Amino acid sequence: MALTGGADRIGVGLVGARGYTGAELVRLLEAHPRFHLAFASSRQGKGKPLSSLCEGAETALLVEELGPADVAARGSAGVAAVILAMPNGQAAAYVEAIEGAGAEAIVVDLSADHRFDARWAYGLPELGRAKLGAARRIANPGCYATGAQLGIAPARGLLSGPPHVFGVSGYSGAGTTPSDKNDPEKLRDNLMPYALTGHIHEREIAHGLGIEVFFTPHVAPFFRGITLTISMPLAAPVSVEALRALYLEAYAAEPLVQVQDEIPLVRDAAGRHGVTIGGITVDAAGRRAVVVVTLDNLLKGAATQALQNLNLACSLPELLGVPS
Ligand SMILES: NC(=O)C1=CN([C@@H]2O[C@H](COP(=O)(O)OP(=O)(O)OC[C@H]3O[C@@H](n4cnc5c(N)ncnc54)[C@H](OP(=O)(O)O)[C@@H]3O)[C@@H](O)[C@H]2O)C=CC1
Ligand SMILES: CC(=O)N[C@@H](CCC(=O)OP(=O)(O)O)C(=O)O
């Protein structure tokens with residue numbers, strides 16, 4: 001594996017350093033004991049110190065504007081991995097250039113562009129880490145889709161029909177490009193439903209779990225965090241104790257998934273690197289289960305998960321550099 005930035009450091013480049021997820025990745029990569037941030041690209045940030053784009057960044061690195069060919073050249077010259085943290089629809093040109101140049105670099109794409117592409121490994125380690133160790137192309141899951149899959153997976157075999165996932169995201173989930181979903185005025189004292197059918201994460205959750213799912217997203221005035229209330233029809237009566245035991249067992253060995261009795265609150269998820277599943281309930285007839293899942297959309301929903309995936313792909317401990 002190619003190393004830069006010191007004999008024991010693995011060079012990682014970041015495209016999309018100005019964005020919300022990019023900033024989280026900068027902070028995680030800077031503090032990582034084995035990775036080294038080899039370049040940071042943003043068109044708007046070109047020529048500026050990275051610290052001026054990402055609060056808390058300490059590196060003296062200057063932001064560059066790197067197009068697909070530039071990134072591919074870095075990927076052939078010492079940069080072992082490239083993280084793409086751009087809006088949906090932008091990754092293809094970078095991937096084509098990297099592959100066209102024959103660069104060895106691992107690619108982790110945070111966008112939705114490769115999540116349904118069988119040639120890419122889907123990077124949700126808690127539900128399938130075996131394939132990630134040898135992966136060279138990794139599609140990082142969506143933020144809602146991460147929480148929903150982890151929240152449904154233990155109960156999947158008990159269901160009589162599609163789970164209903166009611167999701168609420170902080171407005172950082174809508175990225176930095178101005179829209180109604182990140183407009184503070186439109187969000188003030190408000191909860192905004194959108195994409196009531198057919199959200200791409202509905203398809204992603206269904207694809208990942210192999211079952212039909214109904215997903216209704218909403219965006220709220222808080223900045224970061226997601227809360228999902230998941231209602232699941234049960235094929236046969238199940239006791240709440242049995243259901244809780246199923247969740248506890250499923251995630252007993254997963255440091256980033258906490259199962260608790262209480263209903264988790266989204267304000268407690270902000271800044272945390274894992275997912276919390278709680279409030280596990282069954283109705284009086286034992287035929288409908290409800291669980292609540294919270295996570296930070298920018299961390300386990302994006303940057304922390306990308307770091308897990310990159311660690312695995314580089315044969316490092318999965319949680320290396322993930323703050324506890
Ligand atoms: N925000 C979230 O909670 C989550 C986001 N994701 C996904 O991660 C990706 C990044 O999201 P987020 O950080 O919120 O996005 P932002 O809108 O905050 O940032 C996007 C970044 O991409 C760069 N960019 C935009 N267009 C282009 C382009 N055409 N070519 C090159 N660079 C471009 C921007 O920089 P500049 O314009 O300066 O070049 C900026 O650095 C998205 O695909 C998103 O769907 C996944 C999970 C959660
Ligand atoms: C509030 C908000 O707008 N959230 C985004 C989800 C962010 C995300 O994970 O999107 P990708 O699948 O594109 O990576 C949305 O609903 O599209």
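Everything quoted here is computed from the prediction, not taken from an experiment. In each ligand, atom 1 is the first atom listed, and ligand 1 is the first ligand listed.
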Checklist entry - Heavy atom of Glu204 under 4.0 Å from ligand 2? => result no
Checklist entry - Which bit of His201 is near ligand 2, meaning a heavy atom under 4.0 Å away: side chain, backbone, both or neither? => result side chain
Checklist outcome for this item: If you scan protein heavy atoms around atom 6 (N) of ligand 1, the nearest is Leu110 O, 4.1 Å
Checklist entry - Hey, is atom 4 (C) of ligand 1 touched by any protein heavy atom at less than 4.0 Å? => result yes
Checklist entry - Near Thr21, which atoms of ligand 1 are under 4.0 Å from a heavy atom of that residue? => result 1 (N), 2 (C), 4 (C), 5 (C), 10 (C), 11 (O), 12 (P), 13 (O)
Next on the checklist: Can you check which of Ala145, Gly173, Ser179 brings a heavy atom nearest to atom 6 (C) of ligand 2?
Outcome noted: Gly173
Checklist entry - Counting each atom of ligand 1 from 1 as listed, which ones have a heavy atom of Gln44 under 4.0 Å away? => result 36 (P), 37 (O), 38 (O)
Checklist outcome for this item: The answer for which part of Ser169 has a heavy atom under 4.0 Å from ligand 2 is side chain
Checklist entry - Nearest heavy atom to atom 8 (C) of ligand 2: which of Gly142, Ser111, Cys143 does it belong to? => result Cys143
Next on the checklist: Within the structure, is a non-hydrogen atom of Leu110 found at a distance of less than 4.0 Å from ligand 2?
Outcome noted: yes
Checklist entry - Tell me, which protein residue and heavy-atom name are nearest atom 24 (N) of ligand 1, and how many Å apart are they? => result Arg43 NH2, 3.6 Å
Item to check | Identity and distance of the protein heavy atom lying nearest atom 13 (O) of ligand 2 | outcome: Asn88 ND2, 2.9 Å
Checklist entry - Can Tyr171 be said to touch ligand 1, with heavy atoms closer than 4.0 Å? => result no
Next on the checklist: Could you identify the single nearest non-hydrogen protein atom to atom 31 (C) of ligand 1 and state the distance to 0.1 Å?
Outcome noted: Met86 SD, 3.3 Å
Checklist entry - Which one of Tyr144, Phe215, Tyr194 has a non-hydrogen atom at the shortest distance from atom 2 (C) of ligand 2? => result Tyr194
